[in-house]
Amino acid sequence: MHGKDLFDGDLDGMRQHKEQFNRYKSSLDYIVFTDYLDFHVYEHGEWVKNIRIGEQQGNHIRLIAHLADSKPTPITSPSRLAKQMAAKARLLANVVSQAFENAQDASTDYYHENTQLEGQLEAFRSILIHELEPTDFADIYAQTVAYGMFAARLHDETPEDFSRQEAAELIPKTNPFLRQIFQQIAGYDLDDRIAWIVDDLAQTFLVTDVEKVMKTYSGNSLHSDPMIHFYEDFLSEYNPKLRKSKGVWYTPLPVVQFIVRAVDEILQRDFHLPMGLADYQKVEHEVVNDQWDGKKQANKTIKRMDHRVQILDPATGTGTFLAEVVSQIYSKFQGMQGMWQGYVEEHLLPRLHGFEILMASYAVAHLKLDMQLRNMGYDSSSAKNQRLRIYLTNSLEECHPDTGTLWAHWLSAEANQANYIKRDCPVMVMVGNPPYSGESQNKGEWIMRLMEDYKKEPGGKEALKER
């Protein structure tokens, strides 16, 4: 139960704030709406009764006892969990967005309270998405908290308890960026306007049997990939328009399998690599030495050995293509599972790369590959470098310098590691979806300048009249 002053005046003011009240009603199991004289009670979004102090004293006491004894209903179906997650994520996004609106009003006291969120927004603007609006950041933040907590709950071996503090400990080490975000979310200084919603979301997961939720998909051929299809279900509940505008669509598994299998065959037939995608031979090539040793050694190149078959999905989304690459390679190790642990650490993860600009999709991709590898017998806890090489970065931009805040530092670390792949990694295989929408909305100055030459005939000066 959370107390909040939503409205001024009497209960008639509720009509003026119907939209805001409906958000709370759809997001919270129990609401007592009051002007401290009249009490309007809602359970699971439905009106239950009205009570007025002094007129129905016995009923008032029974109501308080009923609310005190009430417990959240257990969740075992994916549709119900998706609805609950989406409702609370929408509420969180609205509160974050409202915080930015208040921050712009110098007459309020919110401006000085909002530095944490402001710093996170500016970090995203400076390093990842330059034209990011506060409402769009609120969407990113809300989805990340909701799906990050879902990822944590999937790794929870003590289902009898769960909290945002425990979630921070359970986020896999294969995703250091998300772990760092949740370390901040778990802290005591999390904005009070946000903390109660995050705690309420944790209570939702506490009563959720996530194993049963995921098993629901296993008998449906259309939902053979529960991790990704649950994300689609969540996003459809959260904001169907956002799902369409961001291109979050699941590529049918047979299509993915055909593309990956075709690449494997081409590597064997045309490049004379008998192991195809599983090839682990190394070749020498030159890279820019961007290490610091007192001062930066600008423009100096060094020779190094790298795997020949480097694989990149530049818009990896929820990781479908990379997961199928792993499955295709794993099939070549039938009867040799004892070699799998060492192979993954030394010869698979170092050459499997993904870029993603949407944080929720990025989190799903990490979660999917982490669980896939665990199910194949790989133990990441003993690895020297535990992280998966899926980076939160804009594939169509160069990296940006650290701007100083914690989030900027974390994002810069992602961008700088991705930058090696953009600049120096001898990528041999690029997999993924074609641009079904025809034209990307990702039109940064750097990539659009490069596109000018692409749009001309070789040696020509006039742009092609593309249609």
Worked verdict on M428 versus I311 for side-chain contact (heavy atoms from CB on, under 4.5 Å): CA-CA 6 Å; M428 187 178 193; I311 303 160; over 6 Å; no
Would you check if L411 and L392 make a side-chain contact, meaning some heavy-atom pair closer than 4.5 Å? yes
OG1 of T174 to CG of D370, rounded to nearest 0.5 Å, is 3.5 Å
Determine whether V429 and Q310 make a side-chain contact, defined as any pair of heavy atoms from C-beta on separated by less than 4.5 Å. no
Centroid-centroid under 6.0 Å between Y330 and F333 rings: no
Let me confirm one number: the CG-CZ distance from L369 to R389, rounded to the nearest 0.5 Å. 13.0 Å
Rounded to the nearest 0.5 Å, how far does CZ of R153 lie from CG of D209? 8.5 Å
Ring geometry between F177 and W410 (parallel below 30°, tilted from 30 to 60°, perpendicular above 60°): perpendicular
Would you name the heavy atoms of A93 and D139 that are closest together and state the gap between them? CB-OD1, 4.2 Å
Give a yes or no on whether a salt bridge exists between R261 and D264, defined as a side-chain N under 4.0 angstrom from a carboxylate O. no
Show, in sequence, the C-alpha distance, side-chain angles and deciding distance for F150 and Y231, and conclude whether the ring-ring contact (aromatic ring centres under 6.0 Å, His included) test is met. CA-CA 10 Å; F150 174 66; Y231 175 58; 9.9 Å; no
Minimum side-chain heavy-atom gap M149-V198 below 4.5 Å: yes
Nearest atoms (heavy-atom pairs only) where G354 meets L322: CA-CD1, 3.9 Å
Lys/Arg N to Asp/Glu carboxylate O, R387 vs E414, below 4.0 Å: yes
Kindly assign one of parallel, tilted or perpendicular to the pair F205 and F162, based on the angle between their ring planes and the thresholds 30° and 60°. perpendicular
Side-chain H-bond candidate by donor/acceptor type, T393 with Q417, under 3.5 Å: no
Smallest separation among heavy atoms of A89 and A146, with atom names: CB-CB, 4.2 Å
Assess the side chains of Q328 and Q257: does a donor N or O sit below 3.5 Å from an acceptor N or O? no
For E169 and H155, what are the C-alpha separation, side-chain angles and deciding distance, and is it a side-chain contact (heavy atoms from CB on, under 4.5 Å)? CA-CA 10 Å; E169 298 173 4; H155 287 79; over 6 Å; no
For L117 and A99, the nearest pair of non-hydrogen atoms, with its separation, is CD1-CB, 4.0 Å
Could you check whether any side-chain N or O of T76 sits under 3.5 Å from a backbone N or O of K212, counting only pairs where one atom can act as donor and the other as acceptor? no
With side chains defined as the heavy atoms from C-beta onward, is the minimum distance between T204 and L81 less than 4.5 Å? yes
E324 and L253 have their tightest heavy-atom pair at OE1-CD1, 4.0 Å
As a quick check of understanding, evaluate side-chain contact (heavy atoms from CB on, under 4.5 Å) for T316 and F355, giving each step before the final call. CA-CA 6 Å; T316 199; F355 294 159; over 6 Å; no
Is any side-chain heavy atom of T158 closer than 4.5 Å to a side-chain heavy atom of E166? yes
Look at the aromatic rings of Y238 and F234 and report parallel, tilted or perpendicular, splitting at 30° and 60°. parallel
Could you state the interatomic distance from CD1 (I194) to CZ (R164), rounded to the nearest 0.5 Å? 10.0 Å
Pair R308 + D279: basic N to acidic O under 4.0 Å: no
When you measure from the centre of the six-membered ring of Y343, is the NZ or CZ of K332 under 6.0 Å away and within 45° of the axis? no
d(L190 CG, Q165 CD) to nearest 0.5 Å is 9.5 Å
Are Q268 and P274 packed together at the side-chain level, in the sense that at least one heavy-atom pair is separated by less than 4.5 angstrom? no
Search all heavy atoms of L178 against all heavy atoms of G148 and return the closest pair with its distance. CD2-CA, 4.1 Å
Heavy atoms from other residues, nucleotides or ligands near CD of E160 exceed 12 (cutoff 6.0 Å): yes
Considering residues, nucleotides and ligands other than Q334, do more than 12 of their heavy atoms fall under 6.0 Å from its CD? yes
Cation over ring face, R351 and Y280, 6.0 Å, 45°: no
A323 backbone acceptor or donor facing Q372 side chain under 3.5 Å: yes
Determine whether E345 and Y378 satisfy the following criterion, side-chain contact (heavy atoms from CB on, under 4.5 Å), listing intermediate values before the conclusion. CA-CA 9 Å; E345 185 173 344; Y378 174 67; 4.3 Å; yes
Please round to the nearest 0.5 Å and tell me the distance separating atom SG of C425 and atom NE2 of H353. 4.0 Å
Are Y141 and L121 close enough that some pair of their side-chain heavy atoms sits under 4.5 Å apart? no
Within the 4.5 Å heavy-atom criterion, are E356 and D313 side-chain neighbours or not? no
